[in-house]
Asker: 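Here it is: the structure, laid out below.
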Amino acid sequence: MNKDNVKLAIAPIGWTNDDMPELGKENTFQQTVSEMALAGFCGSEVGSKYPRDPAVLKPMLEIRGIQICNAWFSTFFANGERAKTIDEFINHMNFLHAMGAKVIGCSEQSKSIQGTSLAVFEQKPVFTEEEWRLTAEGYNELAQIAAEKGMQVCLHHHMGTGIQTPDEIDRFLALTNDDVYLLYDTGHLYYSENSEQAMLAVLEKHLPRINHVHLKDVRDEVVAEVREQRLSFLDGVKRGTFTVPGDGVIDFKPVFKLLDEAGYHGWMVVEAEQDPALANPFEYAVKARKYIRETAGI
Ligand SMILES: O=C1C[C@@H](O)[C@H](O)[C@@H](O)C1=O
Ligand SMILES: [Co+2]
């Protein structure tokens with residue numbers, strides 16, 4: 001890949017899992033960002049242990065050569081919570097802007113079951129026509145607000161949400177304006193469809209609308225258990241659904257090739273939530289960095 005176009009980050013979720021903060025509660029903010037830098041990454045998303053004051057956070061990252069590229073934001077448009085979502089979005093955007101980030105990765109969390117004990121495959125929400133309309137209108141508005149700051153909004157398709165499958169991604173992108181982007185997460189698409197082909201087809205189809213990438217690998221045998229035993233998303237994570245690129249079932253070479261050929265400019269973020277007691281986050285960060293150097297040439 002062209003290293004002038006692409007920067008590599010890693011998400012703190014491998015050190016402390018904000019969806020289940022008991023996983024990795026012993027790992028401090030300073031250890032996390034120091035290990036990211038030591039493993040060879042120059043960017044990070046924002047975790048719950050990060051100081052929220054840019055004046056405090058910036059120097060602590062700069063000294064380690066780490067930039068903030070994004071932070072998760074939950075939207076609730078389909079539930080009708082437009083005003084509250086927009087209010088909170090503006091605070092979140094201002095923080096990211098002060099940190100120098102260019103994208104804001106959002107997830108439509110109305111009716112989401114990702115944080116519940118419900119079976120992730122059987123009980124995911126399906127949006128009604130009205131819920132789709134509210135969601136699309138909301139994201140069009142977020143994109144306009146972000147543009148005033150020179151920033152872009154992207155939607156993180158996610159297991160257990162109303163925007164999970166390739167059809168749902170197609171529908172979201174068809175209903176929204178071209179300045180609403182997609183956060184492409186390899187792990188969530190592979191998991192949803194149990195297919196590398198389907199995962200790649202979404203990438204190929206929507207390349208011009210993709211402005212942020214999460215590199216997440218999957219352990220097939222754990223996904224099979226989740227399916228057969230009707231497990232929740234979080235139970236799957238605890239059993240090891242996800243791992244770093246190069247350690248699971250996904251071949252990332254075609255992912256890198258498609259992005260490179262399309263002239264993708266932006267961040268690729270290694271994101272592999274697993275139990276840090278079982279998968280040492282520093283060791284796995286080093287493993288991911290080595291795999292990317294060998295397969296993407298960056
Ligand atoms: O981008 C992400 C953020 C996490 O909180 C989420 O649950 C994870 O799976 C993910 O892809
Ligand atoms: Co992700």
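Remember, it's 1-based here, ligands and their atoms both numbered in the order they're listed.
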Asker: Does the side chain of Trp15 come within less than 4.5 Å of Ile10's, by heavy atoms?
Answerer: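 Sidechains of Trp15 and Ile10: in contact.
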Asker: For the residue pair His265 / Asp4, report whether a side-chain donor-acceptor contact shorter than 3.5 Å exists.
Answerer: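 No - no donor-acceptor pair under 3.5 Å links their side chains.
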Asker: According to the interplanar angle, ranging from 0 to 90°, do the rings of Phe256 and Tyr291 count as parallel (below 30°), tilted (30 to 60°) or perpendicular (above 60°)?
Answerer: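 The arrangement is tilted - the two ring planes meet at 30° to 60°.
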Asker: Is a donor from one side chain sitting under 3.5 angstrom from an acceptor on the other, for Ser107 and Gln109?
Answerer: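 Yes, Gln109 and Ser107 have a side-chain donor paired with an acceptor closer than 3.5 Å.
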Asker: Could you tell me the residue and atom name of the protein heavy atom closest to atom 2 (C) of ligand 1, and the distance to it rounded to 0.1 Å?
Answerer: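 The closest heavy atom on the protein side is Glu271 OE2, 2.7 Å.
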Asker: Non-hydrogen atoms of Lys216 versus ligand 1: any pair closer than 4.0 Å?
Answerer: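 The answer is yes: ligand 1 sits under 4.0 Å from a heavy atom of Lys216.
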Asker: Determine whether the aromatic ring centres of Trp72 and His158 lie less than 6.0 Å apart.
Answerer: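 Yes, close enough.
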Asker: Describe, in one word, how the ring planes of His212 and His214 are oriented to each other, choosing from parallel (under 30°), tilted (30 to 60°) and perpendicular (over 60°).
Answerer: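 Answer is perpendicular, since the angle exceeds 60°.
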Asker: Confirm or rule out an N/O/S atom of His156, from backbone or side chain, lying less than 2.8 Å from the Co ion (ligand 2).
Answerer: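 Yes, since at least one N, O or S atom of His156 sits under 2.8 Å from the Co ion (ligand 2).
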Asker: Classify the contact between Asp185 and ligand 1 as side chain, backbone, both or neither, using a heavy-atom distance cut-off of under 4.0 Å.
Answerer: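 It is the side chain that gets close, since no backbone atom is under 4.0 Å.
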Asker: Take Thr241 and Phe233, measure what side chain to side chain contact (heavy atoms under 4.5 Å, CB included) needs, and give me the verdict at the end.
Answerer: CA-CA 9 Å; Thr241 302; Phe233 177 72; over 6 Å; no
Asker: Show which atoms of ligand 1 fall inside a sub-4.0 Å distance from at least one heavy-atom site of Ile13.
Answerer: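 Taking each heavy atom of Ile13 in turn, ligand 1 has 4 (C), 5 (O) under 4.0 Å.
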Asker: So if I count the atoms of ligand 1 from 1 in the order they appear, which ones are less than 4.0 Å from some heavy atom of Asp19?
Answerer: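 The atoms of ligand 1 under 4.0 Å from a heavy atom of Asp19 are 4 (C), 5 (O), 6 (C), 7 (O).
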Asker: Which residue holds the protein heavy atom closest to atom 9 (O) of ligand 1, what is that atom called, and what is the gap in Å?
Answerer: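 It is Glu273 OE2, 2.5 Å.
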Asker: Need the ligand 1 atom indices (1-based, order shown) with element for anything under 4.0 Å from a heavy-atom of Trp72.
Answerer: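 In order of number, 1 (O), 2 (C), 3 (C).
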Asker: For His188, counting its heavy atoms only, list the atoms of ligand 1 lying under 4.0 Å from any of them.
Answerer: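 Going through ligand 1 atom by atom, the ones under 4.0 Å from His188 are 8 (C), 9 (O), 10 (C), 11 (O).
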Asker: At the Co ion (ligand 2), what angle lies between atom OD2 of Asp185 and atom OE1 of Glu271, rounded to 10 degrees?
Answerer: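 Asp185 OD2 and Glu271 OE1 form an angle of 90° at the Co ion (ligand 2).
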Asker: Before we go on, tell me: are the rings of Phe242 and Tyr190 under 6.0 Å apart, centre to centre?
Answerer: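 Not under 6.0 Å, so no.
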Asker: At less than 4.0 angstrom from any non-hydrogen atom of Phe233, what atoms of ligand 1 do you find?
Answerer: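 Those qualifying, in numeric order: 7 (O), 9 (O).
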Asker: Determine whether Leu23 and Lys238 make a side-chain contact, defined as any pair of heavy atoms from C-beta on separated by less than 4.5 Å.
Answerer: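 SC-SC contact between Leu23 and Lys238 confirmed.
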Asker: Where does Leu183 meet ligand 1, judged by heavy-atom distances below 4.0 Å: at the side chain, the backbone, both, or neither?
Answerer: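 No part of Leu183 is near ligand 1 at this cut-off.
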Asker: Which atoms of ligand 1 sit under 4.0 Å from any heavy atom of Gln114?
Answerer: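 Numbered from 1, ligand 1 contributes 7 (O).
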Asker: Between His156 and ligand 1, which residue portion shows a heavy-atom distance shorter than 4.0 Å: side chain, backbone, both, or neither?
Answerer: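 His156 to ligand 1: side-chain contact only, backbone stays beyond 4.0 Å.
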Asker: Is there a side-chain contact between Met36 and Arg64 (heavy atoms, below 4.5 Å)?
Answerer: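 In short, these two side chains do not touch, never coming nearer than 4.5 Å.
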Asker: So that I can check it, does any N, O or S atom in His214 come closer than 2.8 Å to the Co ion (ligand 2)?
Answerer: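 Yes.
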Asker: Which ligand 1 atoms, with their elements, are less than 4.0 angstrom from a heavy-atom of His214?
Answerer: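 Near His214, the atoms of ligand 1 are 1 (O).
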Asker: Please state whether His158 comes within less than 4.0 angstrom of ligand 1, counting heavy atoms only.
Answerer: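 His158 counts as a contact of ligand 1 under the 4.0 Å cut-off.
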Asker: Decide yes or no on side chain to side chain contact (heavy atoms under 4.5 Å, CB included) for Thr161 and Lys124, but give the supporting numbers first.
Answerer: CA-CA 6 Å; Thr161 73; Lys124 79 173 271 321; over 6 Å; no
